[in-house]
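Take a look at the structure below.
The chains referred to below are lettered A, B, ... by the order of the sequence lines, with proteins before strands, and numbering in each begins at 1.
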Amino acid sequence: MTIAGRRLDFWTGVTGVVLAVLVVLLMIPIFRVMVLSFVDADTGNWTLGNYVEVFTRNFYLRGLKNTLFVGLLGTIGASLVGIPLAFFTARFHLWGRTWISTLAILVLVAPPFIGAYAWIMMLGSNGFVTNFFERLGIEIPTIYGAHGIILVFTLKFFPFVFLMTQTALMAVNKSFEDAAENLGCTPWQRFVKITLPLVFPAISTGAIICFVLSIADFGTPAILGRGFRTLSTIAFTAYRSELGGLPTMAVTVSMIMIAISMLALLAQRRILARRRYASGLTNLPVKMHLTGWQNIAVHLFCHGAVLIAMLPNLVVVYTSFLKTNGPVFVGGFGMESYARMWRQAPEAIGNSFLFALAAVALITIFSAFISYVIVRRETRAAGAIDFLMMVPYLVPGVVMAIGFVTTFRTGFLSGMGAAWLLILLYFIRRLPYGVRSTTSSLRQIKPSMEEAAINLGAPPLTAFLKVTLPLILPGLIVGSLMSFITAINELSGTLIIYDSGTLTMPVSIYLAVLDGEFGLAAALSTVLLLCTGACVFAVFRLAEKRESSFL
Amino acid sequence: MASVDITGLRKLYGDVVALSDINISIPSGAFYTLLGPSGCGKTTLLRTIAGFHDQDAGSISLDGNPIETLPAHRRDVGMVFQDYAIFPHISVRENVAFGLKQKKVPRAEMDRRVTEVLDVVQLGAFADRMPHELSGGQQQRVGLARAIVVRPKVLLMDEPLSNLDARLRVDLRAELRRIQKDLGITTIYVTHDQEEALAMSDTVCVMHQGVIQQAASPLDIYLMPANRFVATFVGANSFLALTRDTDQLRLTSGGALVSHKALGEQGETLVCAVRPEVLRVAPGEVQAAEDEVSIPAKLSNVSFIGREMEVLARTDSGEVVKSLARPDPAVIALDPGSAVSMCVRRDDLAFFEDSETGRRLA
Ligand SMILES: Nc1ncnc2c1ncn2[C@@H]1O[C@H](COP(=O)(O)OP(=O)(O)OP(=O)(O)O)[C@@H](O)[C@H]1O
Ligand SMILES: [Mg+2]
């Protein structure tokens with residue numbers, strides 16, 4: 001049998017299954033969200049009214065403005081920290097360079113909402129830094145509101161800009177810079193006219209990731225917002241208040257979030273389309289030694305930036321060991337928070353691991369097969385799958401979860417419990433991490449390997465399992481670890497779907513923070529940080545290029 | 001051991017015709033070489049036989065049984081890859097045993113056959129090494145052992161020696177041929193090295209732009225090229241324009257009479273081909289012997305390369321003629337631009353229609 005002149009084989013079947021899964025778990029929910037945004041909640045008729053409402057009512061317009069505002073400023077902040085950091089580490093001899101990038105990676109993968117509430121513990125209305133200054137009679141501004149969110153975004157997302165720019169800077173052919181100098185440029189002119197434009201593609205990619213993540217971020221504005229609402233918190237609240245009816249306003253806001261992310265990505269593609277710099281690595285950049293106050297200033301900046309960004313995590317770990325009595329810290333150290341965690345949240349811990357591991361098991365299997373289809377098959381279906389792998393990055397968790405709920409609470413999958421919904425949500429949202437890492441592994445392996453196995457009589461699946469799989473295993477494991485980290489830290493989508501039996505650690509932390517139970521939140525966060533750290537360590541041991549594994 | 005019959009095979013990549021109307025018939029046990037310039041479709045043909053590409057038309061049979069619809073893993077044709085494709089994660093022995101395991105050959109027999117074949121390729125001592133501990137030549141032999149141990153009906157080799165250095169290539173090609181003869185296995189071999197093709201093959205098949213130009217014994221290919229392309233690619237022939245003079249053919253440059261017979265159609269332009277080793281070079285103007293023609297030319301370059309000298313000369317009408325001859329101090333001493341005569345026996349000339357793949361005229 002053939003389709004369009006191609007013999008049907010095992011991989012045609014795999015392609016079909018993968019496409020079917022992506023259609024059901026990715027396309028249909030997003031499509032449902034889209035369709036619902038054109039439905040009138042009361043009458044069920046088609047309407048543009050939801051969009052009219054979003055674009056005319058102050059409440060939504062302000063949310064849109066707020067989202068763009070914190071997103072843009074957060075991205076600018078991240079770039080202002082990340083670009084110099086990248087330049088310094090790539091071009092100067094720094095003491096503790098590995099340490100700097102390790103900290104940056106830890107910041108990158110740490111659960112996103114921990115930052116927000118750790119800053120409350122430091123700079124909130126009852127934070128210890130606030131209280132410290134209060135005792136000195138100085139009133140400092142609190143962390144709540146736009147500036148707090150921007151601060152957290154800056155410190156949370158600069159590692160993307162930093163790591164991407166650093167990688168690019170290390171690959172810039174030094175001959176270009178030498179030539180510029182030879183033509184009479186001062187070092188500063190050379191940097192602005194030559195080096196910066198050359199690494200611009202990397203910078204803009206890093207910045208666009210920051211922007212998309214900022215738009216999608218739910219935890220930070222939810223915890224720090226205090227009346228400052230962004231689209232993600234608005235969509236979440238709208239969904240909560242529309243429960244029972246059709247969540248039309250929630251999905252309309254969701255559509256706008258997707259549109260913003262897509263526009264940002266398209267804009268970046270447009271900009272980059274005309275900038276392709278191939279660069280042979282004949283002349284590697286060299287690092288310079290700094291002396292005197294310059295040396296001190298650069299060290300202070302680099303170590304300061306990563307340490308401040310790491311601070312929330314350290315504060316959380318520290319707080320978890322403080323002595324508490326109920327929600328109150330009573331001074332001194334103690335294990336009460338952990339004891340409470342053990343009493344109150346054992347099932348959250350169990351659920352988190354169960355859901356994340358189940359999702360990762362699926363991700364591992366699918367990543368292996370999908371990457372093969374993407375890399376080795378030149379069919380249009382393979383191209384479509386490759387494209388679809390970008391979609392989960394662009395769709396905020398809240399949106400994906402709303403799509404899941406509106407799609408699967410009715411219809412043929414309606415029997416599925418919240419547990420299954422969560423596993424499938426983590427699966428589809430984190431699948432790209434596994435696929436990307438496995439794909440880049442597979443691209444290094446010559447197709448003649450599998451062909452040799454097939455030529456020796458192995459059917460396609462056997463050839464894949466016996467030859468290809470062992471060779472891509474490191475990439476597959478790194479990808480699975482990355483998706484595990486991001487799956488176990490998922491908050492925004494889980495908040496939409498979870499019920500009393502399916503609490504997870506991030507949800508428990510979020511609820512604890514809302515209740516002011518900082519000790520309990522800290523203990524749970526420490527457990528999360530520990531798993532994350534362990535995975536990062538494993539990736540370090542396995543991956544050839546440590547840093548790029550995390551991007 | 002099987003005969004191979006390919007009829008009407010056609011393969012397109014989008015709009016690019018990679019193979020057009022390929023017809024090949026190979027007797028059992030023969031060593032059949034596909035020779036041609038880069039991009040002419042050799043690899044495509046080999047991979048289509050192995051089942052890695054789907055043909056657009058045509059059939060492929062082994063011993064009369066069609067295989068063109070079988071999936072690649074059930075075709076029973078062994079392949080040796082240009083980049084060796086030795087599985088890097090398992091030892092030499094396991095690499096060689098891979099195909100036998102797929103065939104579920106009993107353990108004892110498998111061990112015996114693996115040991116045997118490793119001895120044949122002289123790698124007995126390397127059985128337990130990992131692939132990265134082998135040299136390129138050794139890896140290529142593992143590739144060969146792995147392909148032949150399963151006793152495929154046909155063995156396919158895609159430029160198996162092209163990644164090796166020149167000396168090793170010559171040694172290994174003799175060894176390949178010896179093993180092939182001992183086993184009597186039908187082999188289709190791809191190369192773009194004419195010397196390799198002529199030295200090893202029973203039949204050489206010259207391809208150009210997806211079309212077979214000529215398939216014949218090495219001697220015939222060399223001495224009786226069927227068209228101008230084969231003459232260019234295999235014999236390193238030089239070509240001289242001809243002028244028709246009533247029923248006779250004369251060289252355009254110099255006007256020497258080359259044929260008394262009327263060849264080709266009236267009005268058709270023809271060229272005459274001459275192989276470098278039949279051209280004799282002498283300084284100045286030389287009176288041609290009875291059965292020879294003499295071509296006046298200007299010397300462009302002489303290189304003395306030991307056993308022989310290579311002379312490039314340019315005729316009055318600008319054709320470049322190449323000669324390989326016994327070193328002659330009188331010629332080597334000449335300055336570029338000096339007048340020389342290139343002499344050749346009339347019987348050593350061949351005539352072709354003047355187009356890239358122009359037909360040979362008897
Ligand atoms: N996957 C492909 N898609 C499109 N065109 C292809 C593909 N593979 C080969 N071709 C084209 O088909 C023609 C034949 O290619 P093929 O690889 O068979 O040549 P070859 O004779 O093996 O050359 P070489 O000596 O360089 O290995 C070439 O023009 C090539 O560009
Ligand atoms: Mg080839």
Checklist outcome for this item: When the 4.5 angstrom heavy-atom criterion is applied to Arg47(B) and chain A, the contacting part is side chain
Checklist entry - Does NZ or CZ of Arg430(A) fall inside the cone over Phe484(A)'s six-membered ring, less than 6.0 Å from its centre and within 45° of the axis? => result no
Item to check | Check against side chain to side chain donor-acceptor pair (under 3.5 Å), Ser91(B) and Glu94(B) | outcome: CA-CA 5 Å; Ser91(B) 70; Glu94(B) 287 168 288; 3.1 Å; yes
Checklist entry - In terms of the angle between their ring planes, are Phe464(A) and Tyr372(A) parallel, tilted or perpendicular, with boundaries placed at 30° and 60°? => result perpendicular
Item to check | Contact class of Leu156(B) relative to chain A, heavy atoms under 4.5 angstrom | outcome: neither
Checklist entry - So Ser59(B) and Thr7(B), side chain to side chain donor-acceptor pair (under 3.5 Å) or not? Walk me through it. => result CA-CA 5 Å; Ser59(B) 74; Thr7(B) 47; 2.9 Å; yes
Checklist entry - Non-hydrogen atoms of chain A under 4.5 Å away: do they reach the side chain of Phe81(B), the backbone, both or neither? => result side chain
Checklist outcome for this item: Whatever's closer than 4.5 Å to a heavy atom in chain B on Ala463(A) counts as neither
Item to check | Leading residue by heavy atom contact count with chain A [cutoff under 4.5 Å; candidates Asp76(B), Val77(B), Asp83(B), Val150(B)] | outcome: Asp83(B)
Next on the checklist: Which label fits Phe31(B) and Tyr189(B): parallel for a plane angle under 30°, tilted from 30 to 60°, or perpendicular past 60°?
Outcome noted: tilted
Checklist entry - Given the options Pro470(A), Pro459(A), Pro447(A), which has more heavy-atom pairs under 4.5 Å with chain B than any of the others? => result Pro459(A)
Item to check | Under 4.5 Å from any heavy atom of chain A - which part of Val80(B) | outcome: neither
Checklist entry - When only pairs under 4.5 Å are counted, which of Glu451(A), Met449(A), Lys446(A) shares the most heavy-atom pairs with chain B? => result Glu451(A)
Checklist entry - Got a second to check how far Leu172(B)'s CG is from Arg178(B)'s CZ, nearest 0.5 Å? => result 10.5 Å
